Each structure stands twice: as structure tokens, then as C-alpha cells.
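Following: one structure in C-alpha cells, then a few remarks.
Nothing here was measured: the structure is a model prediction, and the numbers come from that model.
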Amino acid sequence: MKKTIINRFCLIGILLAGIGLFGCDHFEEVNTNTDTTTQVTPAMVATYLIKDLTNHDSESDHDFISKYTFWNESVSGLLAQCYNEIGRWDMNVSSLNNVEKMINLATEGGYRNSYTALGHVVRVYRFYEKTIQMGDIPYSEAMKGDEGIYYPKYDTQKEVFLGMLNELDEADKLFAEGIKFDGDIVYDGDPAQWRKAANVLQLRLLITLSKRVDDADLKVKERMQAIVNSRPLFTSNADNLQRVYSNKAGQKYPFNEENNNHILSSLSTTIVLDTLRLFGDRRLFYYAAPTVSAISQGLDVTDWNAYQGLNPLAVLSDIQVSVAAGNISLLNDRYFYLPEGEPVLQLSYSEMNFILAEAVVRGFISGDAKAYYETGVRAAMQFTAENTPDNPAYHHNMKITGDYIDDYLKGQEVAFASNPGKQINQIIMQKYLMNYMHSPYRMSYLEYRRTGYPALPINPETNRNIPSDKMPMRWMYPQNEYTYNGDNVKEAVARQYGGADDVNGIMWILKD
């Protein structure tokens, strides 16, 4: 019976969820739909994996712990996260069981190269998510249930990062030798585009390792320099790895009113709106709606003071009084009433430039940090403007134009500073603003842990973390791991956190 209890990192025998079970006996003789294919193809598996990679959860991706928005409902889990209470995460990477199936179904050389490379990108994206949230994870023995490994060991975080970096090196090589493939809903099967994405993803991993830059095995500087000097990277927003939505059933933006029962519960915060106001940043008018009280008082929708966020550190009763009085801005109507919404970013040209700007400031690569920074800001603003219809309801007559961006970059708070510490602050703050309603894998919170920016404030009166004067630093391992893979997870906790699986534990990538 033990072999029926399989850790989520192991092969669980489920292939192509949503497409059908593959490999059933006498499949052709039972319940065959003559209008659909009975042959699983690598294209079908690729579509499934890419959709899974780019899925956007309309609740969890509010990114409450980064203080983008506040959840004004008595929903214990989400409201608790607004107040910094986080608990156990999951180890579910079961979709990766399909990677080998996709590769094995692709028989031609160039075709197989592309699908193999795609498999590496998908794997790294998922394993990266898990390790930066919890620490050490199963990696080298993960997904090997068919080899009899039902209780995979936990690799150290360093080993996981080394493995992921090597996988992305291999992806770059294979995409360069690959050909156009089917089933791709992002880049239409263009291996050149996916090659760029693989290299930008590796840049993300390398900047995540900024505290481990002197590690002789990781070679953070050398890897980053090689990518910048000799590999293809994004050159515009057209290269973004993103999920595009449409006005079709099942393809609408996740926050659209048809999918969202909590329109009145999603509130803007002072962390975002006050920063935008301080910077003179017109994204404020694209991100938020004017308050009910401001409109009733006769303020114009172009008035910066017509937009007010709530203090996400305040006690809930005080927040609810302000909301009831109409003094808090909801999200912009475009998030709720445009079926297409805006593309949801997984990797972007803007983020890439912010990574490179930080790398220059830190001395990891040579180059012009100011140019990278300004290119990142410009790309982020253009993304917002170009993906918003020219409708006053969505930009409130405060349109983002090229001339406006030129002036914005000269502003007192935005113009690139001369002090390296201030420069890092500016870069991370612009990355924070860029990720509003995107933030894959809670990126902004992770950047806060790594750099201290943005400086997320703490109110001991409402902070649900213990101790109440600190932000939590990680998610704990899931209970299922203790039930089914107990010896290995306990060893990992002892190795990293002195035996205490606690949200305040400092994982290896974050240690000074």
C-alpha cells in the first residue's frame, strides 16, 4: 500500500488534466467522441503546460502581503494575509508530470529540441516558485515516481538554484537548435522568442542570488555577464511572456465582473496611491477609481486628491468606517468591466531592464544603469497605456503619452539618483509599481525580503505575525509532507532552520 501514497513531487499518474486520461485500456472502444482527437500530441501537452504556467488567480494574486490592495471582507485566509499572517504553502507541481510525456511524443530532432527546451523553462518556473517561498525542496529526485522514488530527498537551496541555472543554459542551447512548434498560446511556437524568455528568466534567478554573488559554484557575475554579452534578450514589450485575454467564454480577464464576486472588496492602498501621487505618476489614474466622496464633493476625476487609498495597517473597524463613508478608492473599472482586461505578465521587458539596472549598480555587469532604469520605466508606462482603451472611464483624462514620460523621468523623486543606495531603492520601487495586479509569485514581497524595498511598514497592533514587529519571511512546508515524506522534510527543516518550520526562518538565499 505504501506505493500508492505518492508525494506531490512524484509521478502521480495523472496526465493532461482537462484533456483526458492517457493510456487507458481499450480507450478507442469506450466513450470515444468522434468530434475530437483520440491521439495525444506534444502540442496538446504544450498548450496545457503553458496555460498552467500563465494562469492568474484572481484572489491570491491581489498580493496582499505586498500591500497592493486590501481585502475588505471577513474572509479569514485572505484578510489574515492582509495583516501578514501566512502559513503553509503547497508542493503541488503535478503538472510537471507532463513534461516528459511532451518530450517523448516529439520525435523529430528540431521539434524535440523545442519541446525539450520548453520543458526546462516550465520546470524552472515552477521549482523557482517553491524554493523562494519555502527554502530547500525536492528537486533532483522530484517527479521520479516511475523510477520508484516515492519519497524524494530535499536538495539544498544552492543545489536547486545550480540545477535550475543549468536547465536554463540547456534551454537556451536547445531553443537555438529548435524549430517552430505547435500548441504555443504565447509566442505561436517561435523558439527564438522562447529563447529570449529563458534567458530573462535566468536573469531573474541570478538577481535573486544577489546575496550569494561571491559563491564560487554559482558564478552569478560570470553567468549574468555571459547572458548580457552573448545571448538574445527582450528588446521591447512585444517580447513579454504574458497571458492575453479576450471577450470569449472561458478566456476573459480573471478580475472581470463575470469571474469576480468581490468587486467592492478590492481596495487600493496608501502604499501604492501615495507613492504614485508623490511621483506625479499618472498610472494612479489607470490603477484606481476616484472615491465616491470626492465625486460628491465636486472634485474632478483629473484631481490627484480624488484618489485615496486605505492604510493597510489600520484596524479593520476603522477601515470599514472609511469605506462606508466613500473615502477609499476601488480599483479602476478597467479591471472589472473590460473582458480583455490587460495581459498578465510573467516575464517582461520592463522587469528585465530593472534587473540589469540593479546588476550594474551592484557591479555584477558593466553598462549604463540609468539607461536601463529609464528604459524599464518607459516600458512599464507604455505597457499600461497601450493596453488600456482610450476611454476617460479608464484613464480619467490623464493619459500617459511619450512627452509625459519624458517629463516624468525628470521628476525629483524619479530622476535617477547619484547614490547607489538610493538607486537600488528607485529601481525596486519602480518594479513594485510595474507589478501592480501582476506580481507573479508575489514578486514584490520577495524583493522586499531581499532588498528591504519597498519599505513595507509594520503596525504591531494589527500585524498577525509573531513577533508582531516583524514581517514573516517564508511560507512553511505543507502538512502533507510531514505525513508522507516526514523524514526528508524534517531533515531539511533541521538543516536550514534549527528544526523549527517557522515563517520567520531565514532561507539560504536571504542570509547575509
Using 0.5 Å steps for rounding, measure from the [atom1] atom of [X] to the [atom2] atom of [Y].
| X | Y | atom1 | atom2 | result |
| --- | --- | --- | --- | --- |
| Met164 | Tyr125 | CE | OH | 12.5 Å |
| Leu162 | Asp215 | CG | CG | 7.0 Å |
| Thr451 | Ile427 | OG1 | CD1 | 10.0 Å |
| Thr131 | Ile137 | OG1 | CD1 | 5.0 Å |
| Thr384 | Tyr286 | OG1 | OH | 8.0 Å |
| Glu129 | Trp89 | CD | CH2 | 6.5 Å |

Any side-chain heavy atom of [X] within less than 4.5 Å of one from [Y]?
| X | Y | value |
| --- | --- | --- |
| Gln346 | Leu201 | no |
| Asp188 | Gln193 | no |
| Leu105 | Met44 | no |
| Leu96 | Val122 | yes |
| Trp508 | Val160 | no |
| Val228 | Leu356 | yes |
| Met471 | Ile458 | yes |
| Ile509 | Lys211 | no |

Main chain of [Y], side chain of [X]: is a donor-acceptor contact present, judged purely on distance under 3.5 Å?
| X | Y | answer |
| --- | --- | --- |
| Asn353 | Ser350 | no |
| Glu351 | Leu347 | no |
| Asn256 | Phe336 | yes |
| Gln225 | Phe364 | yes |
| Arg243 | Val344 | no |
| Arg212 | Lys511 | yes |
| Asn488 | Pro152 | yes |
| Glu141 | Lys153 | yes |
| Tyr139 | Gln157 | no |
| Asn504 | Ile466 | yes |

Search all heavy atoms of [X] against all heavy atoms of [Y] and return the closest pair with its distance.
| X | Y | answer |
| --- | --- | --- |
| Tyr253 | Gly341 | CG-CA, 3.6 Å |
| Asn247 | Pro339 | OD1-CB, 3.4 Å |
| Asn435 | Ser444 | CB-OG, 3.9 Å |
| Ser114 | Phe175 | O-CE2, 3.5 Å |
| Pro138 | Asp155 | C-OD2, 4.0 Å |
| Met91 | Pro478 | CG-CG, 3.6 Å |

Crowding at [atom1], [X] (>12 non-hydrogen neighbours, <6.0 Å):
| X | atom1 | value |
| --- | --- | --- |
| Lys158 | NZ | yes |
| Lys470 | NZ | no |
| Asp217 | CG | yes |
| Lys173 | NZ | no |

How would you list, by chain and number, every residue that makes a side-chain contact (heavy atoms from CB on, under 4.5 Å) with [X], sequence neighbours excluded?
| X | answer |
| --- | --- |
| Asp169 | Asn166, Gln202, Arg223, Arg231 |
| Thr116 | Ile103, Arg112, His120, Leu174 |
| Gln242 | Asn240, Val244, Pro343, Leu345, Phe383 |
| Met476 | Arg88, Arg474, Asp501, Val503 |

Any chance the rings of [X] and [Y] have centres within less than 6.0 Å?
| X | Y | result |
| --- | --- | --- |
| Tyr432 | Tyr68 | yes |
| Tyr477 | Tyr154 | yes |
| Phe70 | Tyr83 | yes |

Short side-chain donor-acceptor distance under 3.5 Å, [Y] and [X]:
| X | Y | value |
| --- | --- | --- |
| Thr388 | Arg334 | yes |
| Tyr128 | Thr208 | yes |
| Asn199 | Asp172 | yes |

- Message: Go through it in stages, so that I can follow the logic: the residues are Asn113 and Ile179, the test is side chain to side chain contact (heavy atoms under 4.5 Å, CB included), and I'd like the CA-CA distance, side-chain angles, deciding distance and then a yes or no.
- Response: CA-CA 8 Å; Asn113 287 342; Ile179 61 175; over 6 Å; no
- Message: Between Lys196 and Leu241, is the side chain to side chain contact (heavy atoms under 4.5 Å, CB included) condition met? List the steps.
- Response: CA-CA 10 Å; Lys196 293 179 184 180; Leu241 176 59; over 6 Å; no
- Message: According to side-chain hydrogen bond (donor to acceptor under 3.5 Å, both in side chains), who are the partners of Glu358, at least two apart in sequence or on a separate chain?
- Response: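 So Glu358 forms a side-chain hydrogen bond (donor to acceptor under 3.5 Å, both in side chains) with Arg362, Arg450.
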- Message: For Lys67, give me all partners under salt bridge (charged side-chain N to carboxylate O under 4.0 Å, His left out), at least two apart in sequence or on another chain.
- Response: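 Lys67 satisfies salt bridge (charged side-chain N to carboxylate O under 4.0 Å, His left out) with no other residue.
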- Message: Under the criterion side chain to side chain contact (heavy atoms under 4.5 Å, CB included), I'd like the reasoning laid out for Trp194 against Asp184: C-alpha separation, chi angles, the key distance, then a yes or no.
- Response: CA-CA 10 Å; Trp194 276 102; Asp184 177 13; 2.7 Å; yes
- Task: Take Leu209 and Leu165 through the test side chain to side chain contact (heavy atoms under 4.5 Å, CB included) and record every step on the way to the result.
- Result: CA-CA 11 Å; Leu209 293 167; Leu165 293 170; 4.2 Å; yes
- Assign the ring pair Tyr115 / Tyr111 to parallel, tilted or perpendicular, where the plane angle (0 to 90°) is split at 30° and 60°.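 Rings of Tyr115 and Tyr111: perpendicular, as their planes differ by over 60°.
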- Message: Please determine whether salt bridge (Lys or Arg N to Asp or Glu O under 4.0 Å) holds for the pair Asp90 and Lys130, giving the CA-CA distance in whole Å, both sets of side-chain angles, and the decisive distance to 0.1 Å.
- Response: CA-CA 8 Å; Asp90 69 72; Lys130 303 305 178 184; 2.9 Å; yes
- Task: Sort out for me which residue in Gln251, Glu340, Lys252 forms a side-chain hydrogen bond (donor to acceptor under 3.5 Å, both in side chains) with Ser246.
- Result: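 Of Gln251, Glu340, Lys252, side-chain hydrogen bond (donor to acceptor under 3.5 Å, both in side chains) with Ser246 is met by Gln251 alone.
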